[in-house]
2 protein chains.
Amino acid sequence: MEKGPLGRRRGRGARERILSASQQLFRDQGINRTGMDQLCAVAQVSKRTAYQHFTSKDELVAEYLRRFDPDVMPGVFDRTDLTPRERLLAAFEIPASTPLCPYLAAAVELHDPQHPASQYARDYKTTIAARLTETAREAGATNPEQLGEQLALLIDGASARTRVLNSESFPTAAAIAAVLIDNAIPASSPRQPSDDRGTTGSAPVPVGGQ
Amino acid sequence: MEKGPLGRRRGRGARERILSASQQLFRDQGINRTGMDQLCAVAQVSKRTAYQHFTSKDELVAEYLRRFDPDVMPGVFDRTDLTPRERLLAAFEIPASTPLCPYLAAAVELHDPQHPASQYARDYKTTIAARLTETAREAGATNPEQLGEQLALLIDGASARTRVLNSESFPTAAAIAAVLIDNAIPASSPRQPSDDRGTTGSAPVPVGGQ
DNA sequence: ACCGTTCGGTACAGACCGGTCTACATAGCT
DNA sequence: AGCTATGTAGACCGGTCTGTACCGAACGGT
């Protein structure tokens, strides 16, 4: 900040600024509709510097996706104040902010399963399913792998529907999740608050969306 | 030149050929990666003719999506040889062929909720959910709207996951659907086609229609 | 058989994109 | 101070995209 309005930012944070601008622009405009010129302008970085840090736009996209890994699903799986069952349900509460899973968006936009970014997308999906499986095991599910995969599918379904329709679909997904969890956990296993939800038809949307 | 197998097709089917080529190319390559030149070549139509039938590519994309409406989910809801419950489950059996719901793909690729094609995507999703709801009502679900919305979400989730991962996710979705259906239909509900379906609601679609 | 209309083929215009390169300015080291 | 490394600003290149213009050939009504 030793210069004018957009004065020389002088390197140090160049890479971070580029990735930060990527997150914003790719999310708001999509990958294909965001040009490198605009991206560099927002990041306040010259194209030369950009191509010094990333040899191509594809590589930038891949790194942009890789960066998400540690951040997403923040803390949900680490909240020790919740029972495992509550943690599983909490995974459906957050997502009003995220417009669409960037991994799904990237996989569709790039349209090339061989693209390195597509590989990261697969890795991420697998990681999420694994964490759900792990939590399902803690919750005492008889078949944790199955429950984890099922919940992962629900998250993706809600994400996709939220994108196409404008309505919020995560409450619906949460209702399904509650049913699945209750069916997958033997009645004896956990200590859980009062709930009769989902065992029969009505299933009154337990998790209030946003 | 009046030559080859197709030679001058002279207009009549021009519009249909364009839409047919659109379906193939947009599905295989995506919308953004399919240029009008290639599309016209496949359709054996000159660009002039193409732009005579569709004033812009956007309009072509919108029409391409609109055309899907009657065709998708072919026959599943009309199979009178199945019980309503079986029809609901049958919606999860087919789709190994379809790479990704074209509506979701278009919504992601176009990335503009105001695009006319996005509107058609919403209409389609709503239609599918409505048909599922109708069938759920026939099956005797206590809350057909909820069950229909839930099943629609499962279909989208399976479609999305199939696209990102390569694994087939529809069996997982079908397993969830079976649980939801059984939980949503009172124990007294019918299991045989000859029984009276729809004990609670309307019972249209008698056996033998179509 | 004639003539207007329509369509195929294609060259072209204008815009944009990814990526490279040159010219210049600054920071830090010696 | 001077030198070097690094970064900025932006022109520039080749390619591709959507969309248009033009010309000639084929068709259809009369």
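In this text, all values refer to a predicted model and were calculated from it rather than measured experimentally. Proteins come first, then strands; the chains are lettered A, B, ... in the order of their sequence lines, and each starts at number 1.
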(request) Could you list the residues that satisfy side-chain contact (heavy atoms from CB on, under 4.5 Å) with B:A43, not counting sequence neighbours? (result) B:R17, B:I18, B:A21, B:V45

(message) Without decimals, in angstroms, what is the distance between B:L39 CG and D:dC17 C1'?
(response) 13 Å

(request) Inspect the contact between A:R87 and A:E138 and indicate whether a charged nitrogen and a carboxylate oxygen are less than 4.0 angstrom apart. (result) yes

(message) Can you tell whether the side chains of B:R67 and B:E16 come within less than 4.0 Å, N to carboxylate O?
(response) yes

(request) Using a strict 4.0 Å threshold on nitrogen-to-oxygen distance, state whether B:R137 and B:E134 make a salt bridge. (result) no

(message) Rounded to whole Å, please give me the gap between CG in B:N32 and C1' in D:dT18.
(response) 12 Å

(request) Indicate the ring-plane relationship of B:F26 and B:Y64, choosing parallel, tilted or perpendicular according to the 30° and 60° boundaries. (result) perpendicular

(message) With a 4.0 Å limit, can you tell me whether B:Q52 has a side-chain N or O closer than that to the phosphate oxygens OP1/OP2 of C:dC7?
(response) yes

(message) Between C1' on C:dC7 and CD on B:Q44, what's the gap in Å once rounded to a whole number?
(response) 14 Å

(message) Expressed as a whole number of angstroms, how long is the span from A:I18:CD1 to D:dT8:C1'?
(response) 12 Å

Protein-nucleotides 19-22 of chain C N/O pairs under 3.5 Å:
from, atom 1, to, atom 2, distance (Å)
C:dG19, OP2, A:Y51, OH, 3.0
C:dG19, OP2, A:K57, N, 2.7
C:dG19, N7, A:K47, NZ, 2.6
C:dG19, O6, A:K47, NZ, 2.5
C:dT22, O4, A:R48, NH1, 3.4

(message) Checking A:N143 now: which residues fulfil side-chain contact (heavy atoms from CB on, under 4.5 Å) with it, not counting sequence neighbours?
(response) A:E145, A:Q146

(message) Side-chain N or O of A:T49 versus OP1/OP2 of D:dT8: is the shortest distance under 4.0 Å?
(response) yes

(request) Report the distance from atom CZ of B:R33 to atom P of C:dG18, rounded to the nearest whole Å. (result) 11 Å

(message) Looking at D:dT8, I'd like to know if its phosphate oxygens (OP1 or OP2) sit under 4.0 Å from a side-chain N or O belonging to A:R17.
(response) yes

